[in-house]
Colleague: 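Sharing a structure, written as structure tokens. Questions coming.
Numbered from 1 within each chain, the chains take letters A, B, ... in sequence-line order.
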Protein chains: 2
Amino acid sequence: MLTEATITAVALDLIDREGLEKFSLRNLAAALGVYPSAVYWYLPTKDLVAAAVMNLVLRDVAPDIEPKAWKDYLRAVMLRCRQAIQRHPNTAPLLGAQLTANTRADFGLIEGILCALSAAGFEGPRLVDAYNSTIATLVGFTTQEFSPMPDSGEDWQKETQSRLDEISPVDYPVLSRNLSLLKNQAFILRWENGVRVALDNSFDMYIEIFIAGLEKMKKAPAK
Amino acid sequence: MLTEATITAVALDLIDREGLEKFSLRNLAAALGVYPSAVYWYLPTKDLVAAAVMNLVLRDVAPDIEPKAWKDYLRAVMLRCRQAIQRHPNTAPLLGAQLTANTRADFGLIEGILCALSAAGFEGPRLVDAYNSTIATLVGFTTQEFSPMPDSGEDWQKETQSRLDEISPVDYPVLSRNLSLLKNQAFILRWENGVRVALDNSFDMYIEIFIAGLEKMKKAPAK
DNA sequence: ACCTGAACACCGTTCAAGT
DNA sequence: ACCTGAACACCGTTCAAGT
């Protein structure tokens, strides 16, 4: 007999092995050894299957730290979220698409973030704003970093590289001066994703920017 | 005779009117009055059509400001990106998915951002990190804010609301204490997206967090 | 060069019917 | 309650053939 748990586990396994493009209810049903319509009895839509998969992937992101230490707590949340996606990089596009649309999400994580932000001094409407900023930050970098490139077709990679090499130094001086550092290491200018070329340093700065900015905001409530 | 420009314009119009789910090459071809395979002569894959649509949507996000005023410039980029998506909210999911995967993107925007960041004092590897942080920030909030909710089915909205109302005050004290402010105004806790309920204040704070954090980073190069 | 027209190999979802 | 089996209304992409 099927269960929501086995469906979800097999779905995640399918995505891990074959990629998000192969994640169809028909392939999932085949992997489960049932007809596609059998899955619908437990999860009546594909989006719900995806949401369940994401809950599985993000199961343990809520860190085991006292939220009062708000900087450490938020840093840990960001790091652990990225690590979770790194363990299942093919789910990366679902992070932006589903976390946000998923009200079955883990309220424990939300509570932890809200705790940390109130410990940082945010309350009322500004707590809402700080929360939204945190969720947006949590999702933004990691989704992109590990999202698939246009097909991993070799011709596309060559084409991308040659387009970069043709960049005019007079029209785009700063870009072309730093091209060797940016090539394949920067969003929009890369041809491999975070699975092949992780952007560890950039992610570190990204987090520190957020933490430092948050601290500044709490000290300067008025804009 | 078809052109890439008319295909792209009609595709954007289709997405604006009917939503991203109705954006298929078959519907696009019907709107153009041709067979689906005719489109392939100009744009040989659906992803390329989507990328072209995104270039159209983001055509004018590069602001008309001197990048030396780096704070004003980056603020303007973020605001104008959000405004562009607000004009075509159904394209929101493509922002995260395509901008990052699109090497046909506008190098002018990239150059502008790099200019602003060097004016802020970043260079070398730290310029790369600051750039990646900027792109991630640019995309993160807006993609989520305007991405579609699970189906706009009324039953789903009711279900979401009732799940929020059932949150245990003892398990989730901070969450339930602020629930009235968070309800439908915060990521994961809302049932309508930015088209119905724009998160203007949160976006403002999000930007200011980034700018303030960036300024802090430039002053404290070492972590 | 540009497009028709048909085909291939898929989809998500629904629904009657079985057990 | 749980699943089969078939059907419905779609997909993106390919390819020979026309002009």
Colleague: For B:I7 and C:dC3, what is the distance between atoms CD1 and C1' respectively, to the nearest whole Å?
Modeller: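 To the nearest whole Å, that distance equals 12 Å.
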Colleague: What is the distance from CG of A:N27 to P of C:dA9, rounded to the nearest Å?
Modeller: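 It is 15 Å, rounded to the nearest whole Å.
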Colleague: How long is the line joining CG of A:L25 and P of C:dT14, in whole Å?
Modeller: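 A:L25 atom CG is separated from C:dT14 atom P by 11 Å.
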Colleague: What I want to find out is whether B:K22 reaches B:E18 closely enough, with some N-O distance under 4.0 Å, to be called a salt bridge.
Modeller: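 Salt bridge flag = no for B:E18 with B:K22.
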Colleague: Less than 4.0 angstrom between a side-chain N/O of A:Y35 and OP1 or OP2 of D:dC3, yes or no?
Modeller: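 Answer is no, no contact under 4.0 Å.
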Colleague: Within the structure, does a side-chain N or O atom of A:T45 lie under 4.0 Å from either OP1 or OP2 of C:dT13?
Modeller: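 Checking C:dT13 against A:T45, a side-chain N or O does come within under 4.0 Å of OP1 or OP2.
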Colleague: Give one of base, sugar-phosphate or nothing for B:Y40, where a contact means two heavy atoms less than 4.0 Å apart.
Modeller: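 The answer is base, as B:Y40 lies within the cut-off (heavy atoms under 4.0 Å) of a base atom.
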Colleague: Report the distance from atom NZ of B:K22 to atom C1' of D:dC11, rounded to the nearest whole Å.
Modeller: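 It is 12 Å, rounded to the nearest whole Å.
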Colleague: Looking at CG of A:L12 and CE of A:M54, how far apart are the two atoms once the value is rounded to the nearest 0.5 Å?
Modeller: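 One finds 9.0 Å between CG of A:L12 and CE of A:M54.
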Colleague: Using the P atoms only, state how far C:dC10 lies from D:dA9, rounded to an integer number of Å.
Modeller: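 The answer is 22 Å between these two P atoms.
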Colleague: Once rounded to the nearest 0.5 Å, what's the spacing between atom CD of A:Q157 and atom CG of A:N184?
Modeller: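 Separation between the atoms: 8.0 Å.
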Colleague: Side chain of B:M1, heavy atoms from C-beta onward: which of D:dC11, C:dG12, C:dC3 has the nearest atom to it?
Modeller: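 That would be C:dC3.
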Colleague: Once the angle between the rings of A:F203 and A:F141 is folded into 0 to 90°, is it parallel (under 30°), tilted (30 to 60°) or perpendicular (over 60°)?
Modeller: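 Ring orientation of A:F203 relative to A:F141: perpendicular.
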Colleague: Distance check needed: C:dC2 P versus B:L43 CG, whole Å only.
Modeller: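 In whole Å, C:dC2 P and B:L43 CG are 13 Å from each other.
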Colleague: Round to the nearest Å and state the distance from B:W41 atom CH2 to D:dG12 atom C1'.
Modeller: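 The answer, rounded to whole Å, is 20 Å.
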Colleague: Given that both distances must come in under 3.5 Å, which nucleotide forms a Watson-Crick or G-U wobble pair with D:dT19?
Modeller: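 Across any shown strand, D:dT19 pairs with C:dA1.
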Colleague: To the nearest angstrom, how far is B:E21 atom CD from D:dC10 atom C1'?
Modeller: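 So the CD-C1' distance, B:E21 to D:dC10, works out to 14 Å.
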Colleague: So, OP1 or OP2 of D:dC3: does either fall under 4.0 Å of a side-chain N or O from A:S37?
Modeller: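 No, because none of the side-chain N or O atoms of A:S37 sits under 4.0 Å from OP1 or OP2 of D:dC3.
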Colleague: C:dT14 pairs with which nucleotide, Watson-Crick or G-U wobble, both distances below 3.5 Å?
Modeller: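 With both distances under 3.5 Å, C:dT14 matches D:dA6.
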Colleague: Using whole Å, report how far CZ of A:R26 lies from P of C:dC10.
Modeller: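 Taking CZ of A:R26 and P of C:dC10, I get 11 Å after rounding.
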Colleague: Let's go through B:D204 and B:R82 carefully: what are the C-alpha distance in whole Å and the side-chain angles of both, what is the deciding distance for salt bridge (charged side-chain N to carboxylate O under 4.0 Å, His left out) to 0.1 Å, and is it a yes or a no?
Modeller: CA-CA 11 Å; B:D204 285 344; B:R82 182 165 179 263; over 6 Å; no
